[in-house]
> 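My questions all concern the structure below.
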Amino acid sequence: MAGNMTFTIIKPTAIKNNYAGAILKMINEAGFVIKALKFTRISKTQAAAFYAVHEGKPFFKNLIKFMSSGPIITAILEKENAIEDFRELIGATNPENAKEGTVRKLFACSMTENAVHGSDSDENAQIEADFFFNRLEIYY
Ligand code: CMP
């Protein structure tokens with residue numbers, strides 16, 4: 001699936017605000033196929049492990065606290081050119097810089113509470129997907 005797969009998280013505030021359905025609809029309408037889907041919640045330790053690459057950065061503690069503050073939805077998505085196309089669909093990390101019509105422009109509250117996560121490379125998509133899903137939970 002290399003090159004055709006990405007991984008996403010719908011973050012706690014977006015879930016709390018009841019945006020999950022609207023976000024998943026946008027994802028489907030943009031041509032992504034959902035290969036795995038999970039409604040779950042992670043601990044601070046698990047959030048720190050998932051975002052380990054950001055450890056030591058000024059926003060790390062806040063990010064970990066936020067990501068463990070409530071339920072999330074995680075998904076593996078398939079589409080040609082998945083990484084780039086998904087990042088285009090969700091918009092800039094900082095919602096203030098996100099283009100009109102993107103997921104983050106429509107549904108994010110702030111840089112940390114930016115509605116969704118999207119993988120930044122094929123390699124990280126695989127690592128992130130493996131963090132949340134086992135083989136039996138992925139429908140090829
Ligand atoms: P995400 O795509 O989940 O990947 C890492 C997250 O860290 C990012 O979205 C933001 O929520 C958060 N983040 C990245 N940079 C900053 C920053 N400068 N200030 C606050 N949060 C940040």
Side-chain angles (χ1 to χ4, degrees):
M1 279 216 295
N4 294 334
M5 187 266 275
T6 191
F7 170 84
T8 188
I9 301 177
I10 303 179
K11 297 188 179 187
T13 319
I15 301 286
K16 212 174 294 171
N17 290 337
N18 228 6
Y19 294 149
I23 293 171
L24 287 171
K25 185 167 186 273
M26 281 181 75
I27 290 171
N28 275 152
E29 286 179 351
F32 292 88
V33 175
I34 296 171
K35 304 302 271 187
L37 189 71
K38 186 172 285 187
F39 189 52
T40 187
R41 185 170 179 166
I42 51 175
S43 67
K44 274 190 179 178
T45 306
Q46 289 167 326
F50 182 81
Y51 280 116
V53 65
H54 296 298
E55 204 168 344
K57 294 184 185 166
F59 60 85
F60 183 71
K61 250 187 151 177
N62 240 354
L63 179 64
I64 292 331
K65 191 174 165 204
F66 167 61
M67 289 303 291
S68 57
S69 68
I72 55 174
I73 288 174
T74 63
I76 298 173
L77 307 172
E78 192 176 65
K79 184 184 184 295
E80 243 177 67
N81 202 35
I83 299 286
E84 269 182 42
D85 287 3
F86 193 70
R87 289 170 76 82
E88 187 71 30
L89 177 69
I90 65 180
T93 306
N94 184 345
E96 281 178 22
N97 302 328
K99 284 188 200 156
E100 289 300 326
T102 60
V103 173
R104 283 171 171 156
K105 188 69 178 183
L106 290 166
F107 302 116
C109 308
S110 68
M111 181 89 115
T112 297
E113 302 190 24
N114 61 352
V116 287
H117 165 78
S119 305
D120 63 4
S121 66
D122 291 340
E123 191 193 359
N124 283 338
Q126 193 62 60
I127 292 168
E128 292 168 1
D130 289 344
F131 190 95
F132 281 96
F133 295 99
N134 66 45
R135 287 291 299 276
L136 289 173
E137 297 169 319
I138 302 168
Y139 302 99
Y140 296 120

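Start at 1 and go down the list; that is how both ligands and their atoms are numbered.
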> Over 60° means perpendicular and under 30° means parallel, so tell me whether Phe131 and Phe50 are parallel, tilted or perpendicular.
perpendicular
> Report yes if Thr93 has an N/O atom closer than 3.5 Å to an N/O atom of ligand 1; otherwise report no.
no
> Closer than 4.0 Å to some heavy atom of His54 - which atoms of ligand 1 meet that?
5 (C)
> In terms of hydrophobic clustering (I, L, V, M, F, W, Y; side-chain heavy atoms under 4.5 Å; direct or indirect links), are Ile72 and Ile90 co-clustered?
no
> Can Phe66 be said to touch ligand 1, with heavy atoms closer than 4.0 Å?
no
> Look at atom 1 (P) of ligand 1 and say which protein heavy atom is nearest, naming residue and atom and giving the distance to 0.1 Å.
His117 ND1, 3.3 Å
> Ring of Phe66, cation from Lys11 - is the NZ or CZ under 6.0 Å from the centre and inside 45° of the axis?
no
> Indicate, as side chain, backbone, both or neither, the part of Arg104 found under 4.0 angstrom from ligand 1 when only non-hydrogen atoms are considered.
side chain
> Taking 4.0 angstrom as the limit and counting only heavy atoms of Thr112, give me the atoms of ligand 1 inside it, by number and element.
11 (O), 20 (C), 21 (N)
> Which label fits Tyr19 and Phe107: parallel for a plane angle under 30°, tilted from 30 to 60°, or perpendicular past 60°?
tilted
> Grouping I, L, V, M, F, W and Y whenever their side-chain heavy atoms are under 4.5 Å apart, do Ile76 and Val33 come out in a common cluster?
no
> Do Lys99 and Glu88 touch side chain to side chain, with heavy atoms closer than 4.5 Å?
yes
> With a heavy-atom distance limit of 4.0 Å, tell me whether Lys11 approaches ligand 1 through its side chain, its backbone, both, or neither.
side chain
> Can you check whether Glu113 has an N/O within less than 3.5 Å of an N/O in ligand 1?
no
> Nearest heavy atom to atom 13 (N) of ligand 1: which of Phe59, Tyr51, Phe50 does it belong to?
Phe59
> Looking at atom 10 (C) of ligand 1, what's its closest protein heavy atom, distance included?
Met111 O, 3.2 Å
> Report whether Tyr51 and Phe59 are members of the same hydrophobic cluster (ILVMFWY, side-chain heavy atoms less than 4.5 Å apart, transitive linking).
yes
